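Below is one structure, written out as structure tokens, with a few remarks after it.
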Amino acid sequence: MNKAVKITLSVTAVLILAALAIVIMLSQRVAMNPEGTVGNTAGNLNNDGLFCECNGTVYFYNAFPEGGLFAMNPDESNIRRVNNLEVRNILAGGRYLYYFHTGKSAMATSFGNALGIKSFQRSKLDGSNATTLSTDVVVTGQLVNNYLYLLTSTNSGPSFYKMKIDNSDKIMLADYLINPACAENGVIYFNGTQSDHYLYGLNTATDVPYEIWRGNVWYPIVEGDYVYYMDVANEYRLCRYSRSQDVIEVLTQDRVDCFNMGGGYIYYQKNGDDAKLICMRTDGTDAKTVAEGNYTKINMTSQYVYFQQFGDDSTIYHSLLGSSSYEPFHGAREATQ
């Protein structure tokens, strides 16, 4: 073999290796999200973030034995497994899922549920290529464009920070409670937790918080001109505040444990001896009982509301939006069999 041929083969080999390296590098690069991406609704995240709808797919934690993270169509067809982890705070955007893994596997073994390390993870939408982004205990997290805003619990107290979805550019923002669940148009809306319960905003372009309204707010949900919230000063009744008119409307005098809203409806758990899950319009009209008793973890999609009985994490109930009837979500159980 002459020298020219050897040189040609060597150059070809180098080019092939370089091309392979580029392909591998590109395949591992995290794709950025389109502007306006928000990972989940405030109402779902304030109820443990067990359901998340994105681009025609619902991702949810299947609480039945041998469950895990699943996906389905909004009409509950085509249920399939994504992974076998016990998760909460599910977020979706672009090409990825994000979720807090509690450290347990939902797949039963002879030794019970396998224990692992608590972690906040990113994976592809089909569950592949799971990557740990943080081992902090995430209380609440939200995805805004290409950043994750995480409220975490540490031995020294709460910590609120942001990090890019490729696990770079981590920036500490606060050492006190800021709930990032409510995000709209690049602004995170949250209630004060230090000296007041005012409504604040955090512009994600600058990450500087600012005062919006001196209300007595808990778990704000912004929809259009209105801010829906639990009124701390008045037994946590549900109210809405018009930002343009500077007017408060009381939606119910009931003491509320938790609530969610979407599709023109509000679902809330009434506290007290006459405890019940109630559905009403977003203006407070047409209130009706969905289920008698104590319910929690109210999550919503475009077609259904999902909830669990307080003290029973093994059964999921569902109800069509606006309906006054409910039943166990058998599809979730059947998917594990």
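From a predicted model like this one, the values you see are computed outputs, not experimental measurements.
The closest donor-acceptor contact from the side chain of R81 to the backbone of G67 lies under 3.5 Å. Not a single donor-acceptor pair under 3.5 Å links the side chain of R243 to the backbone N or O of Y241. In this structure, Q121 contributes its side chain and H101 its backbone to no donor-acceptor pair below 3.5 Å. Checking side-chain atoms of N294 against main-chain N and O of F310 turns up no donor-acceptor pair under 3.5 Å. A donor-acceptor contact shorter than 3.5 Å links the side chain of K288 to the backbone of G322. Proximity of a side-chain donor or acceptor of T152 to a complementary backbone N or O of S159 within less than 3.5 Å is detected.
Cluster membership check: V139 shares its hydrophobic cluster with L202, using side-chain heavy-atom separations under 4.5 Å among Ile, Leu, Val, Met, Phe, Trp and Tyr. One hydrophobic cluster, built from ILVMFWY side chains closer than 4.5 Å, holds both Y210 and V222. Under the 4.5 Å side-chain heavy-atom criterion for ILVMFWY residues, a single connected hydrophobic cluster contains both Y96 and L91.
Taking all atoms of both residues into account, the shortest heavy-atom contact from Y265 to C279 is CD2-SG, 3.6 Å. Across V227 and P220, no two heavy atoms sit closer than the pair CG1-CB, 4.0 Å.
Rounding to the nearest 0.5 angstrom, the gap separating the CZ atom in R122 from the OG1 atom in T132 is 10.0 Å.
The list of salt bridge (charged side-chain N to carboxylate O under 4.0 Å, His left out) pairs with a residue in residues 307-325, not counting sequence neighbours, reads K297-D313. For residues 120-155, no residue pair satisfies the ring pair (Phe, Tyr, Trp, His ring centres under 6.0 Å) rule, not counting sequence neighbours.
Ring orientation note: the planes of Y200 and F190 are close to parallel, at an angle under 30° on the 30°/60° scale.
Residue N260 forms a side-chain hydrogen bond (donor to acceptor under 3.5 Å, both in side chains) with just one option from N46, T41, N44, and that option is N44.
Ring centers of Y99 and Y61: at least 6.0 Å apart, outside the cut-off. You'll find the ring centres of F60 and Y306 outside the 6.0 Å limit.
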